[in-house]
Amino acid sequence: PHTVEGVWPLPQAITSSTERYPLTPQAFCFSYGRRSAARPGCSVLDAASERYFSLIFPDYTYANDVLRLSENKPFTVEISVDHDDCDSYPMENSSEKCKDQLMLLDDTFWSCYRYFVNKTKIEDFPRFQFRGILLDTSRHYLPVKTILKSLDAMAYNKFNVFHWHIVDDPSFPYQSHTFPDLSSKGAFHPMTHIYTQSDVRRVISYARLRGIRVLPEFDSPGHTKSWGKGQSDLLTPCYKGGIPSGTFGPVNPALPSTYQFMERLFKEVSAVFPDSYIHLGGDEVDLSCWRSNPYVRAFMQKMGFGVDFAKLEAFYMEKVVNITSFFNKTSIVWQDVFDYHERVMVEVWKEGCYLCEVRRVAKAGLRVILASPWYLDQPGPTHNWARYYTVWPLAFKGTEEQKSLVIGGEVCMWGEYVDATNLAPRLWPRASAAAERLWSNEKQTSSVDKAFPRLQDFRCILLRRGIQAEPLYVGHCKHEYH
Ligand SMILES: CC(=O)N[C@H]1NC[C@H](CO)[C@H](O)[C@@H]1O
């Protein structure tokens, strides 16, 4: 079988023959198989058929087609699914397996052939169930249309989780209906740099139609400076020489009002975001402000934590994990707060021996997501696609059961130096390298040299689909970006 160009990520099994068939828009359609549990009117599959018809025939408009109404098209792609969850949301264990056979009803001849397809048999399913992209909308605000465009590109790469790092130190763009001051005082601009409830709903429904889960992250107790703008008494006043210095640190873990606030905020967030997971952050907590505050120190004594402020951080995270599990959410936390909570999942992000950390978490029986090798926000001379392609998430000593706890990985595009002007070229096609590591068979995708021509082809396909993917190396595309 000859190489199938531009197919990325590589399917688990693909064989194509030299037998080729003409493909014309007039002669092509998607249809539901007779035995399919999903029928016409199935929102996800109807929308997908429309989308892929346009992707297959990019410069074809229905308007000038009188034959669209004809029933028996010679070339029909038949979709059959065995359960009708058309109106639900993709979940952590939604099946993504597909067996695909192109149905050719007859070979009547059509004029003006422009496309050909080789008879191909594909069997496909993902190697890892969690394949994420993190976007940070706090360091820079990303317009909704930029987020939707990223969701398109994610779908083309079979990523299935949009990790929305929605708030952080510099700005709080999420418009909460319980606490409107959080964005009206904490966003970069209260009108133009916020996400209204309908913006959030639009992102979630756009993602749903593409089989992408939206995983919200409200990072605390650190990375919360912007929260303090709209919620007084939430952050810890730092002290200097026995008096308040005027600066503020992490969320104040010593006040009951903190947990009352968190309960109300996460009650709202749990209802707004349908996914059963929520990311609570917990990274990079600077303990010095807590240490400087006499009330926090007194609280430590009362709780019997002595002067071990890591215990105070664990206490705080335990309270927030309990709040979100009360709202039937499973929490994901950054590795900093790694503790033995059976109800949490740990995201490994620090550099160094990250597989040592993966192994530590897996040995503790917790599920783990690997992000460390895929921090694409930090470009550098060696930060090219090959670096992200040669990642072996399971290359640690452990039992099969421990390895099965590594449920996937995530590409992080932090926003310190990224906004709508450079997000796409900085993300694509380099993130496509991670996409193939997370989707495809490990052995079949271990050679950079074999992958390079395929990724070059795929990069041109992304360009044709309107994604401003940067070039990998010298070369050209039939459809240059204009
Ligand atoms: C979990 C995590 O990554 N925390 C911080 N680490 C450095 C990143 C930039 O590369 C961001 O600043 C991010 O907020």
Side-chain angles (χ1 to χ4, degrees), residues 130 132-142 150 161-174 186-188 215-228 235 248-251 277-289 310 313-314 316-317 320-321 331-339 341 344-358 360-361 366-384 387-388 391 393 407-419 422-423 425-427 430-431 434:
F130 186 109
I133 295 266
L134 175 148
L135 296 183
D136 165 6
T137 56
S138 175
R139 277 59 177 261
H140 282 96
Y141 177 80
L142 294 173
S150 296
V161 181
F162 165 36
H163 176 169
W164 194 352
H165 188 87
I166 189 164
V167 296
D168 203 293
D169 283 328
S171 75
F172 195 107
Y174 172 75
F188 282 137
L215 168 70
E217 179 182 352
F218 284 79
D219 192 350
S220 82
H223 287 274
T224 47
K225 287 205 172 1
S226 62
W227 300 42
L235 304 184
F248 293 88
V251 164
Y277 285 76
I278 189 166
H279 201 304
L280 300 176
D283 59 311
E284 299 182 318
V285 182
D286 170 7
L287 303 178
S288 62
C289 184
E313 182 181 347
Y316 171 82
M317 287 313 292
V320 179
V321 166
S331 306
I332 301 174
V333 290
W334 296 109
Q335 69 181 74
D336 312 53
V337 288
F338 165 45
D339 200 333
H341 298 289
V344 297
M345 198 181 301
V346 178
E347 182 161 7
V348 172
W349 68 278
K350 292 185 178 173
E351 40 193 21
C353 179
Y354 56 76
L355 286 177
C356 305
E357 182 69 11
V358 168
R360 210 163 71 87
V361 177
L366 298 180
R367 281 172 295 169
V368 54
I369 296 162
L370 176 60
S372 306
W374 292 313
Y375 265 45
L376 267 60
D377 64 306
Q378 301 163 357
T382 62
H383 290 59
N384 62 13
R387 175 195 177 99
Y388 306 119
V391 171
I407 63 162
E410 187 169 276
V411 167
C412 292
M413 183 47 74
W414 296 101
E416 280 87 344
Y417 305 99
V418 174
D419 67 9
N422 63 342
L423 172 65
R426 188 167 293 205
L427 199 48
R430 295 186 305 150

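Numbering of ligands and ligand atoms starts at 1, following listing order.
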Could you tell me if the side chain of His163 sits less than 4.5 Å from the side chain of Ile332, heavy atoms only?
no
Let me know which protein residues bring a heavy atom to under 4.0 Å of ligand 1; chain then number is fine for ordering.
Arg139, His223, Asp283, Glu284, Trp334, Trp349, Tyr375, Asp377, Gln378, Trp414, Glu416
Would Trp164 and His279 count as a close aromatic pair, with their ring centres under 6.0 Å?
no
For residues Leu235 and Lys225, report the shortest heavy-atom separation together with the two atoms involved.
CD1-O, 3.8 Å
Flag for Trp349-Glu284: side-chain donor and acceptor within less than 3.5 Å:
no
Not counting sequence neighbours, which residues clear ring pair (Phe, Tyr, Trp, His ring centres under 6.0 Å) with Tyr141? List them please.
His193, Tyr195
Is it true that a side-chain atom of Glu416 and a backbone atom of Arg139 form a donor plus acceptor pair closer than 3.5 Å?
no
